[in-house]
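Here is how names work: the chains are called A, B, and so on, in the same order as the sequence lines, proteins then strands, and each is numbered from 1. These values consider heavy atoms only, across backbone and side chains, with no hydrogens, waters or symmetry-generated copies.
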Amino acid sequence: MNSVSPRTEAETVEAVTAARAARRPLRIEGGGSRADLGRPVEAETRLSTRGLTGITLYEPRELVISARAGTPLAEIEAALKENNQALPFEPMDHRALYGTQGEPTLGGIAACNISGPRRISAGAARDLLIGLRFVNGRGEIVKTGGRVMKNVTGLDLVKLLCGSHGTLAVITEATFKVLPHPAFAGTLALYGLADGKAVAALCAALGTPLSVSAAAHLPAGLATPEPLTLFRFEGPQASVDERLSVLRRTLVPFEQGEALAPDYAGALWRAIRNVVPLVSPPEAAVWRISVQPTRAPKLVDLLLKQIAVRYYYDWGGGLVWLAVAATGDAGAAAIRAALAQAGNGQTIGHATLVRAPDDLRRNVDVFEPLAAPLLKLTKDIKASFDPDGILNPGRMYPGI
Amino acid sequence: MSIQFPKPDPSILARREAIVAGLAALVAPDSLITAEDERRAFETDALTAYRRIPLAVVLPRSTEELSAVMAFLHKEGVNVVARGAGTSLAGGAIPQEDAVVVGVAKMARVLDIDYANRTIRVQSGVTNLSISDAVAAERFFYAPDPSSQLACTIAGNIGMNSGGAHCLKYGVTTNNVLGVKLVLVDGTLVEIGGPYLDSPGLDLLGLVVGSEGQLGVVAEATLRILPMPEDARPVLFGFPTSEAAGGCVAAIIAAGIVPVAIEFMDKLAIEICEDFAHAGYPLDVGALLIIESEGSPAEIDAELAKIIAIAKDYGVTAIKESKSAMETAAIWKGRKSAFGATGRVADYICMDGVIPTGKLPQVLHRLNEIVAELGLRVANVFHAGDGNLHPLVLYNINDPIEQAKAEKAGEEILKLCVEVGGCLTGEHGVGIEKRDLMPFQFSPVDLAQQMRVRAAFDPAWRLNPAKVFPLEGRVAA
Ligand SMILES: Cc1cc2nc3c(=O)[nH]c(=O)nc-3n(C[C@H](O)[C@H](O)[C@H](O)COP(=O)(O)OP(=O)(O)OC[C@H]3O[C@@H](n4cnc5c(N)ncnc54)[C@H](O)[C@@H]3O)c2cc1C
């Protein structure tokens with residue numbers, strides 16, 4: 001595969017302009033750690049953002065950081081750590097799941113809207129992303145948003161670009177809001193709960209004023225022999241301890257609980273964030289289902305009756321990670337039918353095929369199929385950025 | 001600088017009777033407003049210096065009716081101005097003579113409350129406050145709290161991506177909306193997002209929030225509700241000068257403390273609000289911060305101790321903690337009635353620029369100079385924690401020269417905000433008010449990209465067409 005690696009925004013414009021003139025589509029890549037996220041891109045040339053690096057603005061006193069798209073996440077996190085700050089949305093690292101080696105970049109996180117367990121309390125990447133510079137498929141440099149915390153000036157293209165998987169533009173620089181790194185984290189664990197009861201406990205906890213920052217449930221055999229239900233608290237240690245013990249008392253109707261050792265709990269949350277429990281066998285397909293939390297156990301139950309699945313819940317039940325055999329349609333039809341059935345006529349979520357061989361991801365809907373009017377809007381929006389379809393064509397939907 | 005409206009289309013004006021008759025066939029008589037004196041009630045919003053009487057006003061009772069009305073207007077080629085409660089400060093809801101106002105005032109039901117999943121589904125005409133009221137008994141609330149929350153609708157909040165005093169911690173509308181049912185320009189109903197996180201495909205939901213009625217008309221919304229904190233306590237901090245108070249805000253944020261609200265008032269604003277609300281604000285200070293901390297009593301004590309230590313470094317002269325729910329209510333009533341109270345004293349234009357918090361002292365200083373140089377007065381009352389300024393420039397609406405000066409002051413202040421790295425509007429929206437200032441913040445290429453996206457939804461520019469984008473140089477798909 002040919003490769004071009006611009007070192008400046010101007011060189012990015014050149015690369016895109018040349019590709020457009022030659023009608024030669026580009027596959028846009030940051031560190032390559034998420035190259036398999038989405039449908040296979042129909043392009044022979046790679047545009048790497050790896051040459052676009054460096055933090056361009058960091059004002060710890062104003063809780064804001066900007067960096068060029070190819071800046072490794074590790075570099076961002078190191079800079080933030082020096083000031084005891086962090087990206088609040090706890091971005092997932094896909095390397096374990098895909099077995100990839102590259103360095104995740106800030107641009108990749110913005111382009112794919114990558115979040116982690118703290119998404120339910122601190123928001124997603126899209127909630128903390130406040131500004132972007134990008135080169136669209138016409139070879140134009142565009143800026144949207146800015147570096148301030150509130151901004152409603154014009155259409156919010158920041159949100160539109162976040163999660164567009166490189167199909168609209170090459171992001172060249174991203175600005176995020178940051179927050180102080182929590183001083184301390186404590187995790188309450190309950191053991192032995194069946195899915196339904198566990199998700200009810202997660203929902204109950206998230207409905208209290210105790211500011212649970214993350215809430216997950218791992219069925220038997222994934223992390224521990226028994227099912228494991230987890231509640232994380234963050235903040236000053238005295239406050240964490242207090243809230244944890246209050247929740248423990250509140251949840252007595254469910255089960256006795258115990259506070260986990262911080263190091264052990266930290267490793268568990270990293271594993272949950274990075275989908276480590278479902279990494280092997282590496283040939284299995286992995287789905288990510290965003291769903292109305294209380295209906296998640298019903299959804300899983302419907303699936304268990306039809307296909308063999310391994311799974312766990314994050315986001316208080318609102319996120320189901322699911323591994324199935326990568327045969328046939330990798331369970332696509334069954335999963336989407338079960339979502340419809342669990343919703344009882346209402347749309348209650350959507351499923352994304354996160355890991356599967358190229359052929360499978362070419363032939364099943366990786367992202368939830370869109371209703372006709374939304375698909376038309378999506379096509380027209382794509383054309384408004386990238387009229388000749390040269391940026392990551394086919395990444396999200398055929399031709400898009 | 002008087003803001004221009006596009007010339008009404010004479011062919012539409014000539015067909016007024018037929019258009020009204022067509023609408024009459026689709027909605028009940030009390031949903032259609034045609035008499036001139038009744039239409040006049042919709043001629044402006046909270047930017048009262050500008051008025052246009054619409055062709056007609058239609059207030060559908062259901063999503064289906066709304067859809068039918070939109071399909072009909074589309075077929076007839078008529079412009080549409082969506083309207084909630086008409087409290088926009090940016091002129092976002094001001095009609096045009098050749099446009100039909102499509103209002104959601106009669107679609108104001110709460111459809112479903114789901115405490116376990118922490119969501120509520122509403123028709124878009126419900127008022128902001130009634131959402132929190134609907135869930136208060138179970139100790140939940142809807143977080144974005146514009147000061148106009150008693151009147152403004154969730155439709156308008158979505159239209160403008162509205163904020164409020166407590167958004168420092170909880171985010172603005174876009175961070176609290178999970179889904180919408182949207183009627184497109186041709187009447188097609190689409191569902192974007194729902195009672196789950198991260199809508200599939202491109203983030204059209206993020207695009208629709210803050211689109212000022214230009215991408216479609218919102219019929220229903222699914223919103224996130226949150227459990228109320230155990231306790232919340234506002235504290236008043238009085239400072240000798242605005243610059244000292246501004247410096248204190250920057251230092252609190254710099255220390256990594258993000259309380260649930262940091263609100264700022266200068267001397268004139270304090271006097272106006274105290275006179276109106278009797279909130280117990282100190283009158284012998286140059287500027288006041290209202291800082292609210294929440295959590296358990298111990299957590300509040302710990303956070304406030306840190307804030308008080310910082311405030312002392314900045315020469316705080318008065319500290320007053322709320323001691324009761326009644327005092328808390330009075331403190332917030334004073335702050336939230338600031339615009340209304342100012343309106344009793346004089347006419348005003350309210351700016352909404354945002355600046356990096358570190359620039360607060362410098363910008364406050366320059367802002368007061370700008371207004372003084374024009375011989376006007378300004379009351380400053382704003383969301384300081386996220387750098388969102390609301391200078392209220394006072395003037396007399398019946399004096400055209402003074403109005404021009406006030407608009408000039410507003411323009412200078414907003415340019416200053418952009419110059420120091422900020423933006424024209426943090427929560428009120430562009431509307432007509434800041435439309436012609438957009439080129440100060442965006443390049444022609446930036447604006448053209450936004451307009452092409454807009455055109456994907458509304459190729460013929462029928463939805464709220466006079467707003468947001470300068471009238472010259474508009475682009476379609
Ligand atoms: C005293 C006062 C205090 C205020 N305080 C605040 C504050 O603290 N924070 C803040 O952010 N704002 C504040 N505002 C501004 C205003 O209240 C907000 O912009 C509010 O969201 C407008 O809601 P509304 O229902 O009045 O909408 P309208 O004014 O009717 O409309 C606002 C915009 O939304 C569009 N719109 C309306 N309905 C729909 C729909 N169904 N679908 C699509 N688009 C639609 C309109 O076309 C228009 O562009 C204040 C205003 C006043 C008068």
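Contact of Arg295(A) with chain B is not made at all, since no heavy-atom distance falls under 4.5 Å. Neither the backbone nor the side chain of Glu59(A) comes within less than 4.5 Å of any heavy atom of chain B. When heavy atoms are compared at a cutoff of 4.5 Å, Thr347(A) approaches chain B by way of both its backbone and its side chain. With a 4.5 Å cut-off on non-hydrogen atoms, Lys177(A) touches chain B through its side chain but not through its backbone. Interface remark: Val453(B) contributes backbone and side-chain atoms alike to the contact with chain A (heavy atom separation under 4.5 Å). Neither the backbone nor the side chain of Asn83(A) comes within contact range of chain B, judged by heavy atoms closer than 4.5 Å. In this structure, no portion of Tyr170(B) lies under 4.5 Å from any heavy atom of chain A. Using a 4.5 Å cut-off between heavy atoms, Pro180(A) touches chain B through its side chain atoms alone. Both the backbone and the side chain of Ile120(A) come within contact range of chain B, each with at least one heavy atom under 4.5 Å from a heavy atom of that chain. Looking at Ala371(A), neither its backbone nor its side chain comes within 4.5 Å of chain B, counting heavy atoms on both sides. Both the backbone and the side chain of Arg454(B) come within contact range of chain A, each with at least one heavy atom under 4.5 Å from a heavy atom of that chain. Residue contact with chain A, scored on non-hydrogen atoms closer than 4.5 Å, is absent for Leu226(B). There is no contact between Ala302(B) and chain A, counting heavy-atom distances below 4.5 Å. Residue contact with chain B, scored on non-hydrogen atoms closer than 4.5 Å, involves the side chain of Tyr397(A) exclusively.
Contact check for Arg61(A) versus Ile253(B): no side-chain heavy atoms found under the 4.5 Å cut-off. No side-chain heavy atom of Val445(B) sits less than 4.5 Å from a side-chain heavy atom of Ile141(A). Side-chain contact check for Gln292(A) versus Asp114(B): some heavy-atom pair is nearer than 4.5 Å. Using a 4.5 Å cut-off on side-chain heavy atoms (C-beta onward), Gln346(A) and Pro195(B) make contact. Looking at heavy atoms from C-beta onward, Leu161(A) lies out of side-chain contact with Leu202(B) at the 4.5 angstrom threshold. Put simply, the side chain of Leu63(A) reaches to within 4.5 Å of the side chain of Val258(B), judged on heavy atoms. In this structure the side chain of Glu242(A) never reaches within 4.5 angstrom of the side chain of Glu299(B), judged on heavy atoms. By the 4.5 Å heavy-atom criterion applied to side chains, Val148(A) and Pro356(B) are counted as neighbours.
Among Ala372(A), Pro293(A), Gly163(A), the residue with the largest count of heavy-atom pairs under 4.5 Å with chain B is Pro293(A). Chain B forms more heavy-atom pairs under 4.5 Å with one residue of Leu160(A), Val158(A), Asp156(A) than with any other, namely Leu160(A). Looking only at heavy-atom pairs under 4.5 Å with chain B, the residue among Val291(A), Thr352(A), Ile348(A) that has the most is Ile348(A). Among Gly429(B), Pro229(B), Gly201(B), Ser211(B), the residue with the largest count of heavy-atom pairs under 4.5 Å with chain A is Gly201(B). When each of Leu206(A), Leu370(A), Leu179(A) is scored by its heavy-atom pairs under 4.5 Å with chain B, the top score falls to Leu206(A).
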Worked verdict on Arg126(A) versus Asp198(B) for salt bridge (Lys or Arg N to Asp or Glu O under 4.0 Å): CA-CA 9 Å; Arg126(A) 60 91 85 175; Asp198(B) 299 336; 5.4 Å; no
May I have the step-by-step check of side-chain contact (heavy atoms from CB on, under 4.5 Å) for Val152(A) and Thr174(B), ending in yes or no? CA-CA 10 Å; Val152(A) 298; Thr174(B) 195; over 6 Å; no
Decide yes or no on side-chain contact (heavy atoms from CB on, under 4.5 Å) for Phe457(B) and Asp380(A), but give the supporting numbers first. CA-CA 8 Å; Phe457(B) 288 78; Asp380(A) 291 349; over 6 Å; no
Might you work through the side-chain contact (heavy atoms from CB on, under 4.5 Å) test for Leu197(B) and Leu319(A), ending with a clear yes or no? CA-CA 8 Å; Leu197(B) 296 173; Leu319(A) 179 64; over 6 Å; no
What verdict does the side-chain contact (heavy atoms from CB on, under 4.5 Å) test give for Leu204(B) and Ile381(A), after you've listed the backbone C-alpha separation in whole Å, the side-chain angles of each residue and the deciding distance to 0.1 Å? CA-CA 10 Å; Leu204(B) 301 184; Ile381(A) 290 169; 3.5 Å; yes
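Note that the SG atom of Cys167(B) and the CE atom of Met149(A) stand 14.0 Å from one another [nearest 0.5 Å]. With rounding to the nearest 0.5 angstrom, the CD atom of Gln441(B) is 9.0 Å from the OG1 atom of Thr144(A). If you take CG on Leu374(A) and CG on Leu182(B), they are separated by 9.0 Å, rounding to the nearest 0.5 Å.
At distances below 3.5 Å, at least one donor-acceptor pair connects side-chain atoms of Arg452(B) with backbone N or O atoms of Ser384(A). Proximity of a side-chain donor or acceptor of Glu368(A) to a complementary backbone N or O of Pro200(B) within less than 3.5 Å is not detected. A donor-acceptor pair under 3.5 Å is absent between the side-chain atoms of Glu427(B) and the main chain of Asn151(A), judged by distance alone. The closest donor-acceptor contact from the side chain of Asn117(B) to the backbone of Thr294(A) lies under 3.5 Å.
The side-chain hydrogen bond (donor to acceptor under 3.5 Å, both in side chains) test applied to Asp446(B) returns Lys143(A), Ser443(B), not counting sequence neighbours. Annotation: side-chain contact (heavy atoms from CB on, under 4.5 Å) contacts of Thr175(A) (sequence neighbours excluded): Val64(A), Ser66(A), Ile130(A), Arg147(A).
No hydrogens or angles considered: nothing links the side chains of Glu62(A) and Thr357(B) as a donor-acceptor pair under 3.5 Å.
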